[in-house]
Amino acid sequence: MAKRLFDLFAAAAALLLLGLILLFVAIEIRRRLGNPILFRQERLGKDGKPFTMLKFRTMSDERDKSGHLLPDAERLSAFGKLIRSTSVDELPELFNILRGDMSLVGPRPLLPQYRDRYTERQFRRHEVKPGLTGWAQVNGRNSTSWNERLEMDVWYVENRSFWVDLKIIFKTVAVVIGRDGVAAEGSVTMHEFQGDQE
């Protein structure tokens, strides 16, 4: 209950403080990329239940002659790279926190198709609500391997506390300012999780 109240207070306060930034980014996305402004994608939440996660859109819908979407690197605009590198694209997830889909701190929500690729231990990451930031995000972010990230998620589940959450929040500020680990090496995003690789 205390964590939920903290989430509600923090998300509401952040939306009030960052309202002008959110408005500016939304206007720029509309001007540069057109509609939709928000990117909606199904992710797995607590207990593996799906929910719709919100992010600012950073890619165009450009397609090849066959109608297939171009690779991510070719669709990611300069403005999109900027808001990704500053993590501003993640701010609409504050609405997910208000709705109760997510928490401020927890394992990052991942795609539904990964469900059957987890080991039993890795699936423990779903014992808590997914977070806007998490232990893996302040310890390498997307520059770490999948196995390392998922093990850090389980570490958080096993060691979570109010003080661990505060530590993660403070470390998140430093990571965002430093723009560390935004993408995996050789990619504009994180490589797809194919299952346990050890």
Side-chain angles (χ1 to χ4, degrees), residues 3-4 6-7 10-11 39-55 58-59 71-73 76 84-87 89-94 96-97 99-176 178-198:
K3 184 176 175 70
R4 177 62 182 149
F6 180 77
D7 284 342
F39 172 70
R40 293 173 169 83
Q41 189 175 55
E42 188 173 274
R43 299 290 178 99
L44 291 185
K46 187 176 185 297
D47 300 322
K49 295 177 181 177
F51 72 97
T52 301
M53 189 182 77
L54 305 175
K55 295 178 72 171
T58 58
M59 295 186 186
D72 290 352
L76 184 61
R84 276 193 180 196
S85 69
T86 56
S87 297
D89 64 316
E90 308 281 358
L91 292 180
E93 291 165 43
L94 291 167
N96 286 117
I97 294 173
R99 290 194 317 204
D101 300 323
M102 294 177 61
S103 179
L104 194 63
V105 178
R108 288 292 294 157
L110 299 177
L111 297 169
Q113 58 261 40
Y114 295 173
R115 178 194 295 269
D116 296 329
R117 302 177 190 176
Y118 296 123
T119 64
E120 184 177 348
R121 176 171 175 78
Q122 290 169 346
F123 195 80
R124 291 197 61 203
R125 70 191 309 279
H126 295 293
E127 291 178 14
V128 298
K129 287 183 181 179
L132 181 64
T133 186
W135 187 241
Q137 281 57 56
V138 298
N139 287 284
R141 208 172 176 182
N142 289 335
S143 64
T144 58
S145 72
W146 272 111
N147 284 348
E148 289 170 326
R149 289 180 66 194
L150 295 174
E151 182 56 35
M152 283 189 274
D153 290 342
V154 177
W155 181 93
Y156 173 78
V157 169
E158 295 175 340
N159 296 275
R160 64 190 186 276
S161 70
F162 178 72
W163 300 111
V164 168
D165 282 6
L166 281 184
K167 180 178 181 179
I168 291 171
I169 290 168
F170 285 121
K171 289 189 72 172
T172 297
V173 175
V175 169
V176 169
R179 303 186 186 184
D180 298 325
V182 175
E185 186 175 351
S187 174
V188 296
T189 56
M190 184 66 183
H191 300 298
E192 182 177 350
F193 175 56
Q194 300 293 343
D196 188 44
Q197 298 166 357
E198 291 184 346

_Side chains of Lys49 and His126 in contact at under 4.5 Å (non-hydrogen atoms)_ = no

*Find out whether the Lys NZ or Arg CZ of Lys171 is both under 6.0 angstrom from the six-membered ring centre of Trp135 and within 45° of the ring's axis.*
yes

*Side chains of Arg115 and Phe123: does their closest heavy-atom pair fall under 4.5 Å?*
yes

*What's the spacing between Ile168 CD1 and Leu132 CG if we round to 0.5 Å?*
12.0 Å

*Would you call Leu94 and Ile97 a side-chain contact if the rule is heavy atoms closer than 4.5 Å?*
yes

*In Å, rounded to the nearest 0.5 Å, how long is the span from CZ of Arg124 to OG1 of Thr119?*
11.0 Å

*When rounded to the nearest 0.5 angstrom, what is the spacing between NZ in Lys55 and CZ in Arg84?*
6.0 Å

*For Arg4 and Lys129, run side-chain contact (heavy atoms from CB on, under 4.5 Å): C-alpha distance rounded to whole Å, both residues' side-chain angles, the deciding distance at 0.1 Å, then the answer.*
CA-CA 10 Å; Arg4 177 62 182 149; Lys129 287 183 181 179; 4.1 Å; yes

*Any side-chain hydrogen bond (donor to acceptor under 3.5 Å, both in side chains) pairs touching residues 101-110, not counting sequence neighbours?*
Lys3-Ser103, Asp7-Ser103, Glu90-Arg108, Glu93-Arg108, Asn96-Asp101, Arg99-Asp101

_If I take atom CG from residue Leu150 and atom OG1 from residue Thr144, how far apart are they, to the nearest 0.5 angstrom?_
9.0 Å

*Which atom of Arg40 lies closest to which atom of Thr52, heavy atoms considered*: CB-CG2, 3.8 Å

*Heavy-atom distance under 4.5 Å between the side chains of Phe6 and Val105, does that happen here?*
no

*Minimal non-hydrogen separation, Gln137 against Thr133, with atom names*: CB-OG1, 3.9 Å

_Please find the pair of heavy atoms, one from Val128 and one from Tyr156, that lie closest to each other, and give the distance._
CG2-CE2, 4.3 Å

*Answer yes or no: is there a side-chain heavy-atom contact under 4.5 Å between Phe193 and Gln122?*
yes

*Tyr114 vs Tyr118 aromatic rings, parallel, tilted or perpendicular, using cut-offs 30° and 60°?*
perpendicular

*Spacing of CE belonging to Met152 relative to CG belonging to Asn139, to within rounding of 0.5 Å*: 5.5 Å

*Thr172 side chain near Leu104 side chain, heavy-atom distance below 4.5 Å*: no

*asked:* Ignoring hydrogens, what is the shortest heavy-atom contact between Leu44 and Gly48? Give both atom names and the distance.
replied: CD2-O, 3.3 Å

*Report the residues that fulfil side-chain contact (heavy atoms from CB on, under 4.5 Å) with Pro130, sequence neighbours left out, ordered by chain and then residue number.*
Phe51, Met102, Pro109

*Do Met59 and Leu76 touch side chain to side chain, with heavy atoms closer than 4.5 Å?*
yes

*Which residues satisfy the side chain to side chain donor-acceptor pair (under 3.5 Å) test with Arg43, sequence neighbours excluded?*
Gln41

_Pair Glu127 + Arg160: basic N to acidic O under 4.0 Å_ = no

